[in-house]
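From a predicted model like this one, the values you see are computed outputs, not experimental measurements. Counting starts at 1 for both ligands and their atoms, in listed order.
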Amino acid sequence: MEKTVKILITGKLHDIALKLLNNQPSELAVSESLKIVYIPDAPRDIILKEIEDTHVLISRSETDVDAELLRKAKKLSVVARAAVGYGNIDCDLATEMGILVVNTPGKNTNSAAELTMGLLLALVRKIPQAHMSTSAGGWNRHKFSGTELGDKTIGIVGLGNVGHRVAKFAKGFDMRVIAYDPYISEDVFRKNQAERKNTLEELLAECDVLSVHVPLNKETKGMISLVELKKMRKGGIILNAARGGIVAERALLEVLNEGYIVGAAIDTFDNEPKPLQELIAHPNVIVTPHIGASTAEAQYRIGETIAIQVLKALRGEIVDYPVNLPHVSLLGSNDLKVFSVLSEKVSRFGAQIFDFQPAILKLTVKANLNKEDLQVLKLSAIKGFLSHASEEFVSYVNAEKILQRKGLEFEIEMTPSSSAKNELLFEVYGKGTSEKISVGAVLYDGKFARLSSINDFLFEIELDNDLIVMQNHDRPGVIGDVGSYLAKNNVNIAQFELSRNRRGGMAMSLIRIDGDLESEVVAGLRKLPNLISARLVSGL
Ligand SMILES: NC(=O)c1ccc[n+]([C@@H]2O[C@H](COP(=O)([O-])OP(=O)(O)OC[C@H]3O[C@@H](n4cnc5c(N)ncnc54)[C@H](O)[C@@H]3O)[C@@H](O)[C@H]2O)c1
Ligand SMILES: O=C(O)CC[C@@H](O)C(=O)O
């Protein structure tokens, strides 16, 4: 029966996301049928109920994906954050549970940077106050006198996607741009014409406007507190369109009340959707309800990207924007995609053909890959092996952790390939000297994958459907007996390959069959004359 995947969407998404999920382009088509439950702005108790049988959660900032929610989510395999910040997702727990977390970095950058500049202009020119007064019939050209941006200094904390775009816009207003970001290279400062400040203190001492653009995490929570605010010059301005909590709200209120800081413009708050009332009502503060990403353009890009990430994840491919995928950044090429699927299949095959206690898994790769791509093959092989050998849900996310927990070692080796043929050899070693199996595979032209060997026996057979792996003495009549036995049991053979080490010695056969195969049918095979073993290898 076709599996149904439930996708729960708890934040408002652009229609493009639903369109892509409902009408999947052929290159992203998934084999499961999708049940989409779209409940933006649903109350928490409904979300907690719905999450129980959800496979994929797509959320925005209003949904806290915390331990309470994750623990109820018995079937969850993907959390897709339709935005950048994932501070409201318990990524450690998600990783532990094998749940992939993805986001959409860069897709709302321009919108967030434009809003930051909009807030700054609105604040220094008192635009909201002037609008309210004028639209109510007033005409006061003195009260709404402001200050220029030109020649003022903006201090940017976090020169990432949004920060460096704010730097660019501020330059357009003839501002002096200084920035503090200890995690990026000198080059990024130079490229964005931002003067580098080595400490936050140096930055605070020199800026008229302080704008934060860092993620919210343990290090940045409260990084602008009373002490830091007091290190700014008197008369400064604060902007926060990043995350509530980076600037301590009570401290900000205190310096605003003192008149030490003369204005603040805020889009993101500690307690959304019910921010600190005294702060949002302060006459020198202008506020917006976390709308940095709320533009048609950003939401289109986010909707499109998040739907693609979800479909890729459901197809078992490596996604473009993983948050918690160890060491893997981008799945570069289609060839690598095919190669990683092959790596997973070969190890899943290997996991089904030995009878000893495994100790070491080894993957030998003959190809010309960079380090990241090799890591993709490694994770695929671990995932393939464990998903057969483990009751746990295994994904690219938790594969290495589970392997460690099982006390298995993994070795990987690469030798260069000089042809259009890439090769894989997956080996499982036990503790005893004779405890070893190997499965080899070849990928021709990045497209055509074949199983090429099992131990010393050579083959050329596709790795799909269920396969019977059979060992027998090389005697006349074995193939005939097997063929009639399978026919009697209504099993249709799609491909039959025999390999033998020497005439009259040992032979190994691979039988690719159409449809599913009952294990009792395989058990019956073992009773035929001259058969040594017969195993069913499935899940390929
Ligand atoms: N208001 C909105 O709707 C909205 C929209 C987009 C982004 N955001 C928020 O804006 C922030 C920045 O987003 P981004 O896309 O630019 O992220 P980013 O990851 O591209 O940039 C963050 C930068 O902060 C730097 N950084 C991290 N810790 C730091 C620290 N302790 N001190 C100084 N610098 C530090 C990083 O090196 C990085 O360069 C995030 O909090 C994001 O959630 C808000
Ligand atoms: O719109 C959202 O859900 C949050 C947008 C923004 O804060 C982000 O983190 O990208």
Does a salt bridge link [X] with [Y], judged by any charged N lying under 4.0 Å from a carboxylate O?
| X | Y | result |
| --- | --- | --- |
| E258 | K230 | yes |
| E344 | R348 | yes |
| E206 | K197 | yes |
| K74 | D53 | no |
| R233 | D208 | yes |
| K107 | E304 | no |
| E52 | K72 | no |
| E68 | R44 | yes |

Of the protein's non-hydrogen atoms, which lies at the shortest distance from [atom], and what is that distance?
| atom | value |
| --- | --- |
| atom 22 (C) of ligand 1 | H213 O, 3.5 Å |
| atom 27 (C) of ligand 1 | P215 CD, 3.7 Å |
| atom 6 (C) of ligand 1 | N108 OD1, 3.2 Å |
| atom 2 (C) of ligand 1 | G292 CA, 3.6 Å |
| atom 35 (C) of ligand 1 | V214 CG1, 3.3 Å |
| atom 38 (C) of ligand 1 | D181 OD2, 3.4 Å |
| atom 44 (C) of ligand 1 | A241 O, 3.3 Å |
| atom 30 (C) of ligand 1 | E219 OE2, 3.5 Å |

- request: Could you tell me whether A112 approaches ligand 1 through its side chain, its backbone, both or neither, with non-hydrogen atoms closer than 4.0 Å?
  value: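 Answer for A112: side chain.
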
* Asked: Is L115 touching ligand 1 with its side chain, its backbone, both, or neither, if touching means heavy atoms under 4.0 Å apart?
  ->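 No part of L115 is near ligand 1 at this cut-off.
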
Check: For atom 19 (O) of ligand 1, is the nearest protein heavy atom closer than 4.0 Å?
Finding: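 It does not; no protein heavy atom is within 4.0 Å.
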
_Atoms in ligand 2 with a heavy atom of G85 nearer than 4.0 Å_ =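 Answer for ligand 2: 8 (C), 9 (O), 10 (O).
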
- Task: For H290, counting its heavy atoms only, list the atoms of ligand 2 lying under 4.0 Å from any of them.
- Result: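 Result: 4 (C), 5 (C), 6 (C), 7 (O).
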
Atoms of ligand 1 close to [X] [distance to a heavy atom under 4.0 angstrom, numbered from 1]:
| X | value |
| --- | --- |
| G85 | 43 (O) |
| P182 | 32 (N), 33 (C), 34 (N) |
| M223 | 32 (N) |
| T268 | 1 (N) |
| V84 | 15 (O) |
| T220 | 31 (N) |
| A293 | 3 (O) |

query: Once you round to the nearest 0.5 Å, how far does CG of L93 lie from CG of L70?
result: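 Between atom CG of L93 and atom CG of L70 there are 5.0 Å.
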
Between [X] and [Y], is any side-chain donor less than 3.5 angstrom from a side-chain acceptor?
| X | Y | answer |
| --- | --- | --- |
| N110 | R165 | yes |
| N398 | E96 | no |
| T295 | S111 | yes |

Quick check: does V162 get an N/O under 3.5 Å from an N/O on ligand 1?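 N/O-N/O distance below 3.5 Å exists for this pair.
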
If the contact criterion is a heavy-atom separation under 4.0 Å, does R243 count as touching ligand 2?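 Checking ligand 2 against R243, which is what was asked, there is a heavy-atom contact under 4.0 Å.
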
* Evaluate the criterion side-chain contact (heavy atoms from CB on, under 4.5 Å) for residue pair H213 and V166; output intermediate values, then yes/no. => CA-CA 9 Å; H213 298 286; V166 169; 3.8 Å; yes

field: Criterion side chain to side chain contact (heavy atoms under 4.5 Å, CB included) against I266, the qualifying member of I286, L252, T288
entry: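 Testing each of I286, L252, T288 against I266, the sole residue satisfying side chain to side chain contact (heavy atoms under 4.5 Å, CB included) is L252.
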
query = What are the two closest non-hydrogen atoms of I51 and L48, and how far apart are they?
reply =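 Smallest interatomic distance, heavy atoms only, reads CG2-O, 3.2 Å.
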
Using every non-hydrogen atom in the two residues, find where T305 and R301 come nearest and quote the distance to one decimal.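 Taking T305 first and R301 second, the nearest heavy atoms are OG1-O, 2.6 Å.
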
With a 4.0 Å heavy-atom cut-off (strictly under), which part of [X] contacts ligand 2: side chain, backbone, both or neither?
| X | result |
| --- | --- |
| N108 | side chain |
| A293 | side chain |
| R81 | side chain |

Ligand 2 to A82 polar contact by distance, N or O atoms, under 3.5 Å:
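A82 vs ligand 2: no N/O contact under 3.5 Å.
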
Is the shortest distance from a heavy atom of T109 to ligand 1 less than 4.0 Å?
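So T109 does not count as touching ligand 1.
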
